Number of protein chains: 2
Amino acid sequence: MVAKQNTQQKILDAAQSLFAETGFNDTSLRQITSLAEVNLAAVNYHFGSKKELIQAVLQRYLRVLMLRLDQEFNRLLAAQHPNNLTKVLAVFVKPLLELNLVNPNGTRIFLQLLGRGYSDVQGHLRWFINHHYGRVLDKFVLLVQQSCPELPASELFWRLHFSLGTIVFTMASNEALAEIAQADFSEEVDIEGVIQRLLPYLAAGIAAPVFISLQPQQQLRSGT
Amino acid sequence: MVAKQNTQQKILDAAQSLFAETGFNDTSLRQITSLAEVNLAAVNYHFGSKKELIQAVLQRYLRVLMLRLDQEFNRLLAAQHPNNLTKVLAVFVKPLLELNLVNPNGTRIFLQLLGRGYSDVQGHLRWFINHHYGRVLDKFVLLVQQSCPELPASELFWRLHFSLGTIVFTMASNEALAEIAQADFSEEVDIEGVIQRLLPYLAAGIAAPVFISLQPQQQLRSGT
DNA sequence: GTACATTTCAAACACTTGTTTAAATTTATG
DNA sequence: CATAAATTTAAACAAGTGTTTGAAATGTAC
């Protein structure tokens, strides 16, 4: 019985596609239930509210991704010597691509959802991820810190958020950008290609030399 | 008569603040007209529609910014030798800060609007800017190309959009990020501070060494 | 098969949205 | 002042939103 696929899953599958494509706010429950071929009330019956549906859609990926990332982070943290930045960043690639096992196109959809989440419902997703997976992400920050020991913590904070912005925006605009690249450079780009292009950009940005404030001379190096 | 300020301007001022803070989609005309202390119908009477109001809000800044940017680009293009990347990027700073003359906090508000515009109404703003100011921005691309002659055009395309993402996301999240930085590093950050932190990051990212596509699994060092 | 719990369904609800209308008011013009 | 144009106003409109309801249908256990 293909038809008797769990209603919850039919909703999740329809919702994630529409959310990724149109954003959370601009996707109505009627669009979702109509694509999923279930009754409108099913969302509220099975998930409680639209907000909880959004969280369920994200959690399906976040749960497996964060578990895998945690493993990778622990592995790198166990190393004797600090890992170089490129290696630390590259650690995201495999766990991200493995999301294709959760769902066809899982990687692309999850990253688009991430983009939508940070743009659409400003603040909510940041809180949600930090609340549920802050401990995992702290390990990542530590790894970056070890690989760039000369970088002040506050500078690192900004640069990691710059990087988050790069990723989130690129993924939210993924479709549009891929179209342009196709038209202008007849270049076929899949999600893996974009990730591979992102890494060197991010690594270079994070490790960039710190800007010397052109203030009226700070005290020239306070003796160590 | 302070009270008899042009209704159009009262609307524009109220709209830009609310748009910057809450986004375009999540700001209703009733919120705007109530903050501006004008009648609800005034928006449609003076601007035609909400969409045209959004464009008017953006145009107020885009017009003066693009004019100034065009001047700067022409100045750099006239130089004998190619300009280095940092110099090319730094050219944005003054014109952006001059938006504070258009309106108090003009720089911050415009950049937030830009962030909202690219996130909220996916595609529209990209088209709008490209349509109206494509000629100006082409000069910028040319300048970057001259300063990074070794960078393939397609790679440059992606990296410039990565950079756009960094800027847009940072500005849309500006408030949240500044709060965190304040709490975690007791660091007071204004919009100019953020811009100064962005520049080295972007310059390094754009000029990063091109990634040498490593085939599936490293064939254990081929030759050399 | 009866009884019970789970799930589906159509309909309605309460609310918000952008936009339009037509009358009232203000402003400018001859 | 009187006339016409421009602006403001309150009210209504049509369409869309997420959510709730209570009865029908389905599934499960005894």
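Keep in mind the model is a prediction, meaning the values are calculated, not measured. Order of the sequence lines sets the chain letters (A, B, ...), proteins ahead of strands, with each chain counted from 1.
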In whole angstroms, the gap separating P of dT19(C) from CG of Leu40(B) amounts to 10 Å
Is the shortest heavy-atom distance from the side chain of Phe92(B) to the side chain of Phe140(B) under 4.5 Å?
yes
Which sits closer to the 5' end of DNA chain C, Lys51(B) or His46(A), going by the nucleotide each is nearest to?
His46(A)
Nearest whole angstrom, please: distance from the P of dT17(C) to the CG of Asp26(A).
14 Å
With nearest nucleotides of DNA chain C determined for Arg30(A) and Tyr45(A) from heavy-atom distances, which residue corresponds to the more 5′ nucleotide?
Tyr45(A)
Which of these nucleotides, dG18(C), dT9(D), dT20(D), is closest to any side-chain atom of Leu29(B)?
dG18(C)
Touch class at under 4.0 angstrom, heavy-atom based, for Thr33(B) against every strand present
nothing
Residue-phosphate contact under 4.0 Å: Ser28(B) side-chain N/O, dT17(C) OP1/OP2:
yes
Could you work out which one of dG18(D), dA10(C), dG18(C) sits closest to the side chain of Lys50(B)?
dG18(C)
Spacing of Leu18(A) atom CG relative to dT17(D) atom P, expressed in whole Å:
12 Å
Any salt bridge linking Arg197(B) with Glu155(A)? Criterion: basic side-chain nitrogen under 4.0 Å from a carboxylate oxygen.
yes
Length of the CG-C1' vector between Asn25(A) and dT17(C), whole Å
14 Å
Measure from CG on Asn44(A) to P on dC9(C) and round the result to the nearest Å.
15 Å
With a non-hydrogen cut-off below 4.0 angstrom, is Ala42(A) in contact with a base, only sugar-phosphate, or nothing?
nothing
Less than 4.0 angstrom between a side-chain N/O of Thr7(B) and OP1 or OP2 of dT8(D), yes or no?
yes
Rounded distance in Å - CZ (Phe47(A)) to C1' (dT7(C)):
14 Å
State, with a plain yes or no, whether a side-chain heavy atom of Leu96(A) is found less than 4.5 Å away from one of Leu69(A).
no
For atom CG of Asn39(A) and atom P of dT8(C), their distance in whole Å
9 Å
Answer yes if the side chains of Ser163(B) and Tyr201(A) hold a donor-acceptor pair under 3.5 Å, and no otherwise.
yes
Whole-Å distance separating the CD1 atom of Ile54(A) from the C1' atom of dG18(D)
11 Å
Would you say that Arg60(B) contacts Phe110(B) through its side chain, given a criterion of any heavy-atom pair below 4.5 Å between the two side chains?
no
